[in-house]
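The block underneath contains the structure these notes are about, expressed in structure tokens.
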Amino acid sequence: MVLQRMVGAKVVLVLLSFYLLTAALPVFAATTTEPMEQVKASVDAILLIVRENKQNLHGELAGTLRKQIVDIVYDRFDFRAMSQLALAKNWKTINAKEQDHFVFLFAKLLENTYYDRINSYSNEEVVFKEQQKKEDKAVVSSVVIRNNVETPVVYKLRSKNDKWLVYDVIIEGVSLVRNYRTQFDSIIEKEKYPGLVKRLEEKIEKKDTGQKPL
Amino acid sequence: MRRMKINLPHRWMLLLALVAAQLLMAPVVMAAEEGSADEAWVDDVLVAQAENNVTIADPLEPLNRVFFQFNDKLYFWLLKPVATGYKAVLSDEDVRMCFSNAFHNLLAPVRIVNNVLQGKMVGAGNELASFVINSTVGIVGLADPAHKEFGLAASDEDFGQTLGSYGIGDGMYVCWPFLGPSSLRDTVGTVGDALLDPLFYLTAAGESAGYALQGDKQVNRVSLNLGEYERFKEASFDPYVAVRNAYVQHRRSRIKDEIDGGGGYGVGQGKGVGKDVGKAPPPPPPRTAGIVVIDGPLKKRASKAPHTGSVAGTPGYYVLVGVYREPTNVERQKKRLAAAGMPPVVARYQRKDYSFYGVEVPGGGDFIAAKQREKELVMAGFSETLVVRH
């Protein structure tokens, strides 16, 4: 019983701190209009959750933690713009419903990929370096440092209602959106658009049921 | 005891409800957007990306795919198990990082020579100083005081990048067995660099130490990156295409020095944007800046010199059906369009240090009408289209 109470209290405490954290986030984000500050706020919030709950990432709180992190990601990424850029000319060949569906699938795929990264976190440091701004576009560069090895990560952002949203991530010079575009192009060429949707759904389903690919 | 059993679920519920309410209130990014304005924005980005496209010819694709599969199996069946065992024995990652540093240090001649070949004297100096410091103070390169203590910037250049900086293109994509993705140019580069690699001479001389070191170099590298290839593969749909594109993008940005010191990514076009250092922002230029619609004859080749011309032509929407540097290509596309009954205009796009021509069919002042026009063009076989506004 004592043990149960302790566990209960701990869970309540953790949940409470999450509640306070998410409640505080929009306020923090609203205090700055600088793209770098805004991206940094999101990244720092995620790192805070990951560092504070390292041992719980796979435990009973896994679901709650994932939701917390994913919400921050959805708040900072413009998945619709990313979908448009990844589909490029093919975006215009599908109807509005299909477009919404695609945004949902692509966001889910990126969410899974991103969360995999977070799950394999091992004390990486993120240092933000500089920003370049021009009208409604901005580029923020950062490096992820692990064991003294620096990996440059560049965020491309656009301003929407005073809020900077990420529409591409460039890791070691490789643009995520462009990389997916070449893959999507080659799939659509061979299997048409429905084939691509099928592939996306399969990949997401495989992940959700916890199957290891190959 | 009984009180707690009843109380605890209640506290739980309350907090869960609070959290749930908070989550529901979080803005959903995917909500419907303001249609056409958004599309115009995306088109802008796509035009900018089309300007420096990252594609590579791959006539050997069937063969390359075979070797890709071979390397894939090599990794999963041999390299990964060996590296995992190696990692279990040498569990201290710091030790393996030291080996990695030493192998990196051995390749300093490659970096120094290629910095010089590219006229990067500061980079060459930094690499030379790093080599001297790490080989002595850093004990045969095991430690990296040059970077850590002395703050010397790395300038990682190879012969493939040198050739690229001389304006030599990729050639075509090659996926070598054992060595992995490369291009014709970078294959030549790899051979050139091998001539500056001490390990190569050791191996070529048939020394068993050479083979042992080469083997350890590969296994050590894999042991430090276990899981990376798996995650990359898992996130991709066609790993072969994903690796090929990632290779080309990575090499292009290395040649342009966007990563490892040097320039940096520009906004949008990747060109002509100053650093944002706290001074008052200049007034935003009109959307038409830098675009000139041309009626007369074209210059021999779109010039590299900055150009400030006034904007001609009727403002409105245009359907872009191709971007070119060569007037002959412009003329060819113009003829095709004229034959299809949709005579185009030619717009000159001016970026900071270069320019190019866009062949465009006027779409009128109405976005919907322009989209309709675009549809007709697609039906007529012009697949690479974009609606732009200027």
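Note that these values count all heavy atoms, side chains included, but never hydrogens, waters or copies made by symmetry. Residue numbering restarts at 1 for every chain, and letters A, B, ... go by the order of the sequence lines.
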Heavy-atom pair with the smallest gap, counting every atom of Asp238(B) and Lys190(A): OD2-NZ, 4.1 Å
Among Leu224(B), Asn101(B), Val241(B), residue most engaged with chain A (heavy-atom pairs, under 4.5 Å): Val241(B)
Greatest number of heavy atom pairs closer than 4.5 Å to chain B - which of Asn179(A), Leu157(A), Thr182(A), Asp185(A): Asn179(A)
Thr113(A) versus chain B, the contacting section by heavy-atom distance below 4.5 Å: side chain
Closest contact, heavy atoms only, Phe237(B) versus Arg199(A): O-NH1, 3.2 Å
Side chain, backbone, both or neither of Asp94(B) within contact of chain A (heavy atoms, under 4.5 Å): side chain
Minimum heavy-atom distance between Ser253(B) and Gly173(A), given as atom pair plus value: OG-CA, 3.3 Å
Leading residue by heavy atom contact count with chain A [cutoff under 4.5 Å; candidates Lys148(B), Arg251(B), Arg244(B)]: Lys148(B)
Candidate pair Lys137(A) and Val45(B), rule side chain to side chain contact (heavy atoms under 4.5 Å, CB included), full reasoning: CA-CA 10 Å; Lys137(A) 284 191 208 143; Val45(B) 176; 4.0 Å; yes
Nearest heavy atoms of Val149(A) and Met97(B), plus distance in Å: CG2-CE, 3.5 Å
Under 4.5 Å from any heavy atom of chain A - which part of Ser236(B): both
Gap separating the NE2 atom of His250(B) from the CD1 atom of Ile170(A), nearest 0.5 angstrom: 13.5 Å
Residue, of Gln99(A), Arg146(A), Lys129(A), that accumulates the most heavy atom pairs under 4.5 Å with chain B: Arg146(A)
Approximate separation, where rounding is to 0.5 Å, of Arg178(A) CZ and Thr55(B) OG1: 9.5 Å
Non-hydrogen side-chain atoms of Trp91(A) and Leu46(B) separated by less than 4.5 Å: no
Engaged part of Ile187(A) at the chain B interface, taking heavy atoms whose separation is under 4.5 Å: side chain
Test item: Gln183(A) side-chain N/O and Ala242(B) main-chain N/O as donor-acceptor pair under 3.5 Å: no
Segment of Leu110(A) engaging chain B (4.5 angstrom heavy-atom cut-off): neither
Student check: side-chain heavy atoms of Asn112(A) and Glu234(B) closer than 4.5 Å: no
